[in-house]
Each structure stands twice: as C-alpha cells, then as structure tokens.
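Throughout, numbering of the chain's residues begins at 1 and tracks the sequence. The figures that follow rest on heavy atoms only: side chains count, while hydrogens, waters and symmetry mates do not.
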Amino acid sequence: MPIQEKTRARDTCWLPEEGQGHRAEKVHISVVGNGFRLDTIKKVAQTYLPRIFADVDIVDAEFANVIVGTFADLGRSERVGHQEGYRIFADGSQLIIAGDTEFGVLYGFYEFLKKSQQGCPLLTMEAEDQPAMEVRMINHWDNLDGSVERGYAGKSLFF
C-alpha cells in the first residue's frame with residue numbers, strides 16, 4: 001500500500017472509512033448556531049455520517065430528527081454545569097445533542113458518532129458526561145515539566 005493511502009486511512013482515526021452507510025435509519029440533522037466548533041460538527045456530519053447511515057441530509061431544525069447545538073442556541077433552559085459537558089437525549093421524535101458551550105456540543109457529537117457506529121437506535125441514545133478534571137491530559141509519558149518518563153528520547157514534544 002502506498003504511503004499516501006496509509007496516511008489517509010490513519011487520518012480518519014476511529015471514524016469510518018469511505019463506503020456506503022450500513023444503517024437504514026434516516027438522519028436529518030440540523031446544527032443550530034454559529035462558531036468554529038459547530039462548523040467542525042457540520043463538516044464531520046457531511047463527511048462521516050453517510051459512512052454510517054444510508055440516508056443523511058443536513059436540514060433546518062424544523063425538519064430534523066437529530067438537532068445539535070448549545071442549550072442556549074436551542075432555546076432550552078437545561079444546563080449540564082460544565083463547559084465541556086454534554087447531554088444526548090430524545091425529545092419526542094428528535095434526538096438532541098446539546099451542551100452548555102460549543103466544546104461540550106463537540107464532545108457530545110463525537111459520542112453520538114460512537115453510539116451510531118455501535119448500532120444504538122437513534123431515539124434510544126442517551127448520554128450525559130462532564131469531565132471530572134478541568135484539564136484533560138492524554139495518557140502518555142510526558143510530565144508537566146517537559147521531561148519524559150524513564151528518559152526516553154530527551155524532552156517532550158508537547159511542552
């Protein structure tokens with residue numbers, strides 16, 4: 001396999017590779033609001049949802065069965081209580097993915113993608129999460145002072 005093909009396959013991380021969606025459910029998704037992270041959700045939805053679901057459209061909120069946005073942008077009074085927290089829940093015939101901020105909405109959308117890949121029916125998806133720590137760290141061997149555990153290869157690339 002040429003290097004370019006290997007790189008492209010790796011770039012998708014855990015998101016599905018190209019191909020036709022295998023789930024028959026229709027997803028009519030609306031991303032409500034404006035912002036960098038919401039734009040990211042729109043791009044990811046356009047690119048990756050068709051790889052999970054056979055029928056995907058990006059529509060206005062009134063026609064959507066999946067609505068994504070902050071609680072404020074959705075006109076809802078609920079709150080998760082943390083800027084990176086999110087909540088996924090069904091409200092009638094719609095699945096709501098919401099958070100207090102765009103950060104939370106983005107984390108919630110990725111949870112939606114994970115549950116979709118696992119085959120969870122749309123209107124039975126439920127999740128609520130908020131980080132236990134203010135700063136999230138990757139599980140690697142770099143210390144906060146820039147050194148690397150056990151002396152591997154000098155200083156950290158992250159600091």
Side-chain angles (χ1 to χ4, degrees), residues 1-2 4-140 158:
M1 178 183 294
Q4 195 171 29
E5 287 182 32
K6 286 182 182 179
T7 303
R8 188 178 316 118
R10 228 180 327 211
D11 286 347
T12 62
C13 294
W14 53 270
L15 295 168
E17 295 296 323
E18 290 188 37
Q20 186 63 27
H22 63 278
R23 293 189 55 176
E25 290 170 288
K26 294 180 180 183
V27 173
H28 301 286
I29 188 168
S30 177
V31 180
V32 179
N34 294 306
F36 177 75
R37 284 154 202 87
L38 296 174
D39 290 343
T40 298
I41 292 170
K42 290 173 190 171
K43 290 176 190 170
V44 171
Q46 290 171 336
T47 304
Y48 294 103
L49 284 180
R51 297 179 186 182
I52 301 170
F53 297 95
D55 187 0
V56 177
D57 286 315
I58 303 213
V59 299
D60 291 331
E62 62 188 292
F63 304 110
N65 63 345
V66 177
I67 299 180
V68 182
T70 65
F71 286 113
D73 286 342
L74 299 178
R76 302 182 75 99
S77 61
E78 299 104 310
R79 295 292 180 266
V80 178
H82 191 284
Q83 73 171 3
E84 294 182 356
Y86 63 86
R87 188 168 167 228
I88 300 173
F89 60 98
D91 184 8
S93 62
Q94 295 176 319
L95 183 72
I96 309 294
I97 304 168
D100 294 355
T101 67
E102 288 182 31
F103 291 103
V105 177
L106 183 62
Y107 285 120
F109 184 74
Y110 284 126
E111 180 68 14
F112 163 72
L113 286 176
K114 182 176 85 174
K115 287 182 174 291
S116 295
Q117 287 179 325
Q118 293 171 344
C120 184
L122 282 178
L123 295 178
T124 65
M125 285 188 196
E126 286 187 7
E128 185 169 338
D129 189 40
Q130 47 187 306
M133 305 297 282
E134 280 299 316
V135 178
R136 294 182 184 199
M137 295 293 290
I138 299 171
N139 187 13
H140 55 77
F158 298 105

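Residues E84 and T101 come closest through the heavy atom pair N-OG1, 4.5 Å. The heavy-atom pair separating M125 from S116 by the smallest distance is CE-OG, 3.4 Å. The minimum heavy-atom distance linking P131 with H82 is given by the pair CG-CE1, 3.2 Å. In plain terms, the two heavy atoms of R79 and D100 that are nearest each other are CA-OD1, 3.3 Å.
Atom CD of residue E78 and atom CD of residue E128 lie 10.0 Å apart, to the nearest 0.5 angstrom. Atom CZ of R37 and atom OH of Y107 lie 9.5 Å apart (nearest 0.5 Å). Going from atom CD of E111 over to atom CD1 of I97 covers 10.0 Å, rounded to the nearest 0.5 Å.
Inter-residue side-chain proximity for I29 and F109 is flagged as met; some heavy-atom pair is nearer than 4.5 Å. Side chains of K42 and D39 form a contact here, defined as non-hydrogen atoms less than 4.5 Å apart. Taking the side chain as every heavy atom from C-beta outward, Y86 and D129 approach each other to under 4.5 Å. Between I58 and V31, every side-chain heavy-atom pair lies at or beyond the 4.5 Å cut-off.
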Which donor-acceptor pairs under 3.5 Å do side chains of residues 61-74 form with protein atoms, sequence neighbours excluded?
unit_1	atom_1	unit_2	atom_2	d
N65	OD1	H28	N	2.7
N65	ND2	K26	O	2.7
T70	OG1	D73	N	3.0
T70	OG1	D73	OD2	3.3

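No option in Q94, E25, K115 other than E25 meets the side-chain contact (heavy atoms from CB on, under 4.5 Å) test with L122.
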